> 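Shown below is the structure under consideration.
Note that the coordinates shown come from a computational prediction; the quantities given were computed from them, not determined experimentally. A, B, ... follow the sequence lines: proteins, then strands. Residue 1 opens every chain.
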Number of protein chains: 2
Amino acid sequence: MVGRIAASSAPRSADVARAAGVSRKTVSRVLNNEPYVSDELRRRVLDAAVELGYRLNHAARALASGRNRSIGVVALGTAGYGTASLLVGIEKAVRDAGYALRVVNTEDGDPEGISGAVMSLLEQGVDGVVVSEPVVEGEVSLRVDVPVLFLGAPPAFTAARTLSVGVGAHALARAATDHLLDLGHTTVHHVAGPRRWYASKDRIEGWRAALAARGAPEQPVVEGDWSPASGYAAGRELAADSSVTAVFVAGDEMAVGLIHALREAGRRVPEDISVVGFDGNPVFAYVTPPLTTARQPFDAAAREGIRLLVHAIEEPETDLPPAGEPPVELVVRGSTAPPPSYGVG
Amino acid sequence: MVGRIAASSAPRSADVARAAGVSRKTVSRVLNNEPYVSDELRRRVLDAAVELGYRLNHAARALASGRNRSIGVVALGTAGYGTASLLVGIEKAVRDAGYALRVVNTEDGDPEGISGAVMSLLEQGVDGVVVSEPVVEGEVSLRVDVPVLFLGAPPAFTAARTLSVGVGAHALARAATDHLLDLGHTTVHHVAGPRRWYASKDRIEGWRAALAARGAPEQPVVEGDWSPASGYAAGRELAADSSVTAVFVAGDEMAVGLIHALREAGRRVPEDISVVGFDGNPVFAYVTPPLTTARQPFDAAAREGIRLLVHAIEEPETDLPPAGEPPVELVVRGSTAPPPSYGVG
DNA sequence: GTGAAAGCGCTAACAC
DNA sequence: GTGTTAGCGCTTTCAC
């Protein structure tokens, strides 16, 4: 048998062990921060590893240990502020927890797409899965043996261990509607996202609850698709109805489109019609009029969700009580005002 | 030796082989779409795999074969439209190529942060790395034995095999400036991103080239940080200078902030001052005035970059000529107009 | 066309 | 505290 002469091949843990004059197992212990290694050996191993430019092979570790130290996320393939903010928050929380992140987008968060994405993540070997803003609850039943976190919605499919962390959308929608009602509007119209999205339903319900609590008349929901163009279309529709004085829109971008249509139709915002958006993208503080909006706690939700998920991965036995919902934050800017006085407009 | 009784443990390729009545190697061949397997056996193996709910173990495959079928991306940890669009494009291209995606963000794309991120990706076992919009060229020298693609900038560090795909920022900046000059403005001011970003430099140079080509006087660059707030600050500064009639801003969000400041200061856009943004976020078609902007070809750049990267991974021998730059796309909306007539304003 | 043996780089259980 | 022995589940020779 001829020895491998490949001088430039990457060093393995055996090389580090040899260089440090210890066994491979000791190297393994040091690399995994396990106890029962003398400080002296630990030093020697670490020095040797740096010296050789050694890099641990995660695949081998995963195969031998059964643990991957990685988390997979299923996200929506859009560059929208909400989706992107959530992903950034997830990545940071995952990295801080010492895990690697694998991402699979679904073009359209339907149950089949999501289950396919989860499947591919499972093949890749993840210790946990995050489903970011699943669109609908479905009867997809996957054999998933790792914990699954649903972010921004209740579980969208059955799995052995599911967790779920909301963004407080119901309370946020209610606060947005209450703000308009407090200003003196007799009722509030609502432009929602697509019905099949859980996020849409949640906001609709919050809006409805606020209306019901004040005995305000409920209005038919106008349905958009999150795009500014759909908000614009909704705006044209609502501008035609002279009784409209206040609108709660389920997304900032739709709200901007709506305001544009309203102004084109000669309706002033906020003098004639008040508008509240949803999300909290800071850039809309600089449009005319600056957009009043319900800020979603993307970061806090991601952090809290990953904390729960990692706990479920590392200590499957003990239940960790979820922390309370993050505070409701309504950002009042210039797109809301009291309704026009009767008999004056 | 007592057989494992764990009835619920996940099936392995040996189980599939047994169920199909073939050897493990044949299963492997079928799963990897290798030739020299009879259709009949192929069918039997596939059926058995589905029957047992078999899922391939990527870690084991990576360990045995040395290939991971995964690509790592180093991105900026921001939810901005540009970064997010690029990531969405990368994910889709990677998935279409049959690879898995691993993501590591850097809080701040400095050389140390990037090299740390690349290192962690390498440990995870990726076949290629994408560095999305690195901030600066640095003297970071990593021992990277897989191909590295720099997206939106030239190579930021040395590696064995580097590729780079631009977004045509220079040409885009030049087109934006030319548009303003064509309208009759005698010169164009520029609000840039942070100097240490490659993206900022590229745009500055395109702007400068356009000015120089017409013999237009060059103006000092105002530096922002991509945020709308920094655009607002730049707007206050520029509003104080009555000679300003046209501004090319290196990012849409800064442009929106700038316009807000201009209008607050009593300068009309576009009547008094024309503004062009950069990126192409569609929502800004719905603000007042609708923003004229240079649209970055995020998707095309990501697709082309990943095509090159995958080629470099799979056929390291042959060089693939990069396709031409994508077409320059200037979206003219309402924030630009001819300069105010002399003696009238 | 198909199968048997060996081993990828690491960690698990055990011995010392 | 430390080292030894056996695999993790797959793909790779190479024989048939």
> Please state whether the phosphate of D:dT2, meaning OP1 or OP2, lies under 4.0 angstrom from any side-chain nitrogen or oxygen of A:Ser23.
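Result: no.
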
> In whole angstrom, give the distance that lies between atom CG of A:Asp15 and atom P of C:dC8.
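The answer, rounded to whole Å, is 12 Å.
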
> Find out whether A:Val103 and A:Val73 are in side-chain contact, i.e. whether some heavy atom of one side chain is under 4.5 Å from a heavy atom of the other.
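A side-chain contact exists here, since the closest heavy-atom pair is under 4.5 Å.
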
> Find the distance A:Arg24:CZ to C:dA13:C1' and express it as a whole number of Å.
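It works out to 15 Å between those atoms.
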
> Measure from the side chain of A:Asn32, starting at C-beta and using heavy atoms only, and say which of D:dT2, C:dC8, C:dT11 lies closest.
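Looking only at side-chain atoms, A:Asn32 lies closest to C:dT11.
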
> Write down the distance between CZ (A:Arg18) and P (C:dG9), rounded to a whole number of angstrom.
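Taking atom P of C:dG9 as the reference, CZ of A:Arg18 is at 12 Å.
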
> Would you tell me if any nitrogen or oxygen in the side chain of A:Ser13 comes within less than 4.0 Å of OP1 or OP2 on C:dC10?
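Yes.
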
> Of the listed nucleotides (D:dC10, D:dG1, C:dG3), which one gets closest to any side-chain atom of B:Thr26?
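Looking only at side-chain atoms, B:Thr26 lies closest to C:dG3.
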
> Less than 4.0 angstrom from a charged side-chain N to a carboxylate O is my criterion; do B:Glu314 and B:Arg67 meet it?
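The answer is no: the pair does not qualify as a salt bridge.
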
> Side chain of B:Ser38: nearest nucleotide among C:dT11, C:dT2, D:dT2?
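Selected nucleotide: C:dT2.
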
> So if I take every side-chain heavy atom of B:Arg29 and compare against D:dT2, C:dT2, D:dG3, which nucleotide ends up nearest?
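Among D:dT2, C:dT2, D:dG3, the one nearest the side chain of B:Arg29 is C:dT2.
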
> Expressed as a whole number of angstroms, how long is the span from B:Asn68:CG to D:dG9:P?
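To the nearest whole Å, that distance equals 18 Å.
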
> Nearest of C:dC8, C:dG9, C:dA12 to any side-chain atom of B:Ala64?
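In terms of side-chain proximity for B:Ala64, the closest of C:dC8, C:dG9, C:dA12 is C:dC8.
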
> Could you check whether any side-chain heavy atom of B:Tyr54 comes within less than 4.5 Å of a side-chain heavy atom of B:Leu31, counting everything from C-beta outward?
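Yes, side chains in contact.
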
> So, does A:Arg61 get its side chain near the phosphate of C:dC10, meaning an N or O under 4.0 Å from OP1 or OP2?
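Indeed not, no polar side-chain atom of A:Arg61 lies that close.
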
> Compare the minimum distances between each of C:dA12, D:dC10, C:dC10 and the side chain of B:Leu56, then state the nucleotide with the smallest one.
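Nearest nucleotide to the side chain: D:dC10.
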
> Restricting to non-hydrogen atoms, name the atom on A:Ala312 and the atom on A:Arg161 that form the minimum distance, rounded to 0.1 Å.
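Of all heavy-atom pairs spanning A:Ala312 and A:Arg161, the closest is CB-NH2, 3.7 Å.
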
> Between D:dG3, D:dT11, C:dG1, spot the one nearest the side chain of A:Lys25, thanks.
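In terms of side-chain proximity for A:Lys25, the closest of D:dG3, D:dT11, C:dG1 is D:dG3.
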
> Which whole-number value in Å describes the distance from A:Tyr36 OH to C:dA13 C1'?
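Computing the A:Tyr36:OH to C:dA13:C1' distance gives 16 Å.
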
> To the nearest Å, how far apart are A:Leu63 CG and C:dG7 P?
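Roughly 17 Å, once rounded to whole Å.
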
> Quickly work out the A:Asp39 CG to D:dT2 C1' distance and round it to whole Å.
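In whole Å, D:dT2 C1' lies 15 Å from A:Asp39 CG.
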
> Below the 4.0 Å mark, does D:dC10 have OP1 or OP2 next to a side-chain nitrogen or oxygen of B:Tyr54?
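Yes, B:Tyr54 has a side-chain N/O under 4.0 Å of OP1/OP2 on D:dC10.
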
> Just how far, in rounded Å, is P of C:dC10 from CZ of A:Arg69?
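Taking atom P of C:dC10 as the reference, CZ of A:Arg69 is at 17 Å.
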
> Hey, does B:Leu41 reach any base, or is it just sugar-phosphate, or nothing, if we go heavy atoms under 4.0 Å?
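Sugar-phosphate only.
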
> Start with the C-alpha distance between B:Glu304 and B:Arg307, add both sets of side-chain angles, then the distance that settles salt bridge (Lys or Arg N to Asp or Glu O under 4.0 Å), and finish with yes or no.
CA-CA 5 Å; B:Glu304 171 66 8; B:Arg307 189 178 69 83; 3.1 Å; yes

> Can you check whether B:Ala93's main-chain N or O pairs, donor with acceptor, with B:Arg303's side chain at less than 3.5 Å?
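Not a single qualifying donor-acceptor pair exists.
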
> Kindly point out which of C:dC8, C:dA13, C:dG3 is positioned nearest to the side chain of B:Val22?
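Output: C:dG3.
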
